[in-house]
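Step one of this worksheet: look at the structure below.
From a predicted model like this one, the values you see are computed outputs, not experimental measurements.
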Amino acid sequence: MPKNVKPANPIYRDHIKRIISIIICIPVFILAIIPMIITAILIKIDSPGPVLFRQKRLGLGGKEFEMLKFRSMCVGAEHTGSGVYSGAGDARVTKVGRIIRATSIDELPQLINILRGDMSLIGPRPPLTYHPWPIEEYTEEQKHMFDVRPGITGWAQTHGRKDVEWHHRIELNRWYVDHVSFFLDLRIFFRTIFKVLSNADNKNIGETLKKE
């Protein structure tokens with residue numbers, strides 16, 4: 001972890017951060033409307049099923065919310081194969097799905113989650129309600145990762161994205177919650193842009209949950 005990073009500023013974390021997310025999200029959403037409409041049309045042409053994939057995730061305070069994504073897999077894929085996570089060459093991923101995943105376009109509907117108040121631009125990525133484990137099985141220390149709204153990108157995502165083992169991922173999220181600030185969020189924002197443009201660490205390479 002970086003040294004000499006100041007503790008979190010409660011005023012920024014609990015109030016200013018939300019205001020900034022909304023101010024940035026509204027114009028980005030307006031600019032993204034046309035690309036989102038085009039993406040939706042391509043998804044409908046490519047495979048039968050809904051345009052959006054809706055999934056229960058854990059958010060602020062450990063409460064459940066419905067996270068939105070553009071559907072990138074065949075309908076029912078979550079209940080077949082290896083579950084919701086897909087590796088390279090997974091046949092359940094559609095042709096359009098491969099493109100929108102590689103470019104992170106599939107995440108654009110989460111702008112709606114931000115406007116709803118479910119998420120923030122930057123924060124810990126919201127885990128599934130059952131993976132890596134149910135909320136009841138998080139330790140009291142681990143539960144502190146839910147002290148802030150989850151984000152489209154976060155500290156853990158800029159340190160490996162999809163190949164970070166879950167215990168370490170939660171540790172990174174906890175560190176972020178303890179040190180969240182405007183300048184840290186800015187640092188994460190620019191690191192995310194680099195990773196998206198370079199498509200770095202954007203493939204599931206295998207098991208990311210250490211058996212204990």
Walk me through whether L184 and W175 qualify under side chain to side chain contact (heavy atoms under 4.5 Å, CB included). CA-CA 11 Å; L184 180 59; W175 183 90; 3.8 Å; yes
Distance in Å, [X] [atom1] paired with [Y] [atom2], rounded so as to fall on 0.5 Å steps:
X: S47; Y: K95; atom1: OG; atom2: NZ; result: 10.5 Å
X: F189; Y: T192; atom1: CZ; atom2: OG1; result: 8.0 Å
X: I11; Y: R13; atom1: CD1; atom2: CZ; result: 10.5 Å
X: L52; Y: F70; atom1: CG; atom2: CZ; result: 6.0 Å
X: I99; Y: I105; atom1: CD1; atom2: CD1; result: 8.5 Å
X: M67; Y: Q55; atom1: CE; atom2: CD; result: 6.0 Å

Evaluate R57 against L128 for side chain to side chain contact (heavy atoms under 4.5 Å, CB included), listing each step before the verdict. CA-CA 5 Å; R57 298 277 181 138; L128 294 164; 3.6 Å; yes
What I'd like to find out is whether the side chain of [X] reaches to under 4.5 Å of the side chain of [Y], using heavy atoms alone.
X: I122; Y: Y176; value: yes
X: L115; Y: L111; value: no
X: P126; Y: F146; value: no
X: H144; Y: D147; value: yes
X: R116; Y: L68; value: yes
X: H131; Y: W166; value: yes
X: R71; Y: V51; value: no
X: T153; Y: L121; value: no

Assess whether a salt bridge exists between E107 and R125, defined as any Lys/Arg side-chain N lying under 4.0 Å from an Asp/Glu carboxylate O.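 Salt bridge between E107 and R125, a charged N being under 4.0 Å from a carboxylate O: yes.
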Does the pair M119 and R149 meet the rule for a side chain to side chain contact (heavy atoms under 4.5 Å, CB included), with working shown? CA-CA 5 Å; M119 297 178 66; R149 284 183 177 84; 5.6 Å; no
Please list all pairs meeting salt bridge (Lys or Arg N to Asp or Glu O under 4.0 Å) that have one or both residues in residues 176-187, counting only residues at least two apart or in different chains.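 Residue pairs passing salt bridge (Lys or Arg N to Asp or Glu O under 4.0 Å), neighbours aside: K17-D185, R174-D178.
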List for me each residue that meets side chain to side chain contact (heavy atoms under 4.5 Å, CB included) alongside Q142, sequence neighbours excluded, and say none if there are none.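 By the side chain to side chain contact (heavy atoms under 4.5 Å, CB included) rule, Q142 matches W133, Y138, T139, H167, I170.
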Of all the heavy-atom pairs spanning [X] and [Y], show the shortest one and how long it is.
X: C74; Y: T94; result: N-CG2, 4.0 Å
X: P48; Y: V75; result: O-CG2, 3.4 Å
X: V93; Y: R98; result: O-NH2, 3.4 Å

Check for a donor-acceptor pair, side chain of D118 on one end and backbone N or O of G59 on the other, with a separation under 3.5 Å.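 No; judged by distance alone, with no hydrogens or angles, the pair does not exist.
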Can any side-chain N or O of Q110 pair as donor or acceptor with the backbone N or O of N113 at less than 3.5 Å?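 Not confirmed, Q110 side chain does not pair with N113 backbone.
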Would you mind writing out the side-chain donor-acceptor pairs for residues 24-40 within the sub-3.5 Å range, not counting sequence neighbours?
residue : atom : partner : partner atom : Å
T39     : OG1  : P35     : O            : 2.8

Pairs in or reaching into residues 20-31: which pass side chain to side chain donor-acceptor pair (under 3.5 Å), with residues at least two apart or in two chains?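 Applying side chain to side chain donor-acceptor pair (under 3.5 Å) to every pair that reaches into residues 20-31, excluding sequence neighbours, yields S21-S120.
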Report the relative orientation of the aromatic rings in H159 and W155; use parallel for angles under 30°, tilted for 30 to 60°, perpendicular for over 60°.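 Tilted.
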Kindly indicate, with the supporting measurements, whether the criterion side chain to side chain contact (heavy atoms under 4.5 Å, CB included) is fulfilled by E64 and L58. CA-CA 5 Å; E64 292 185 13; L58 296 176; 4.1 Å; yes
Report the hydrophobic cluster partners of I23, with the cluster defined as I, L, V, M, F, W, Y residues connected by side-chain heavy atoms closer than 4.5 angstrom, directly or transitively.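 For the cluster that includes I23, the remaining residues are I19.
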Partner residues of Y12 under the ring pair (Phe, Tyr, Trp, His ring centres under 6.0 Å) criterion, sequence neighbours left out: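 Counting only residues at least two positions away or on another chain, Y12 forms no ring pair (Phe, Tyr, Trp, His ring centres under 6.0 Å).
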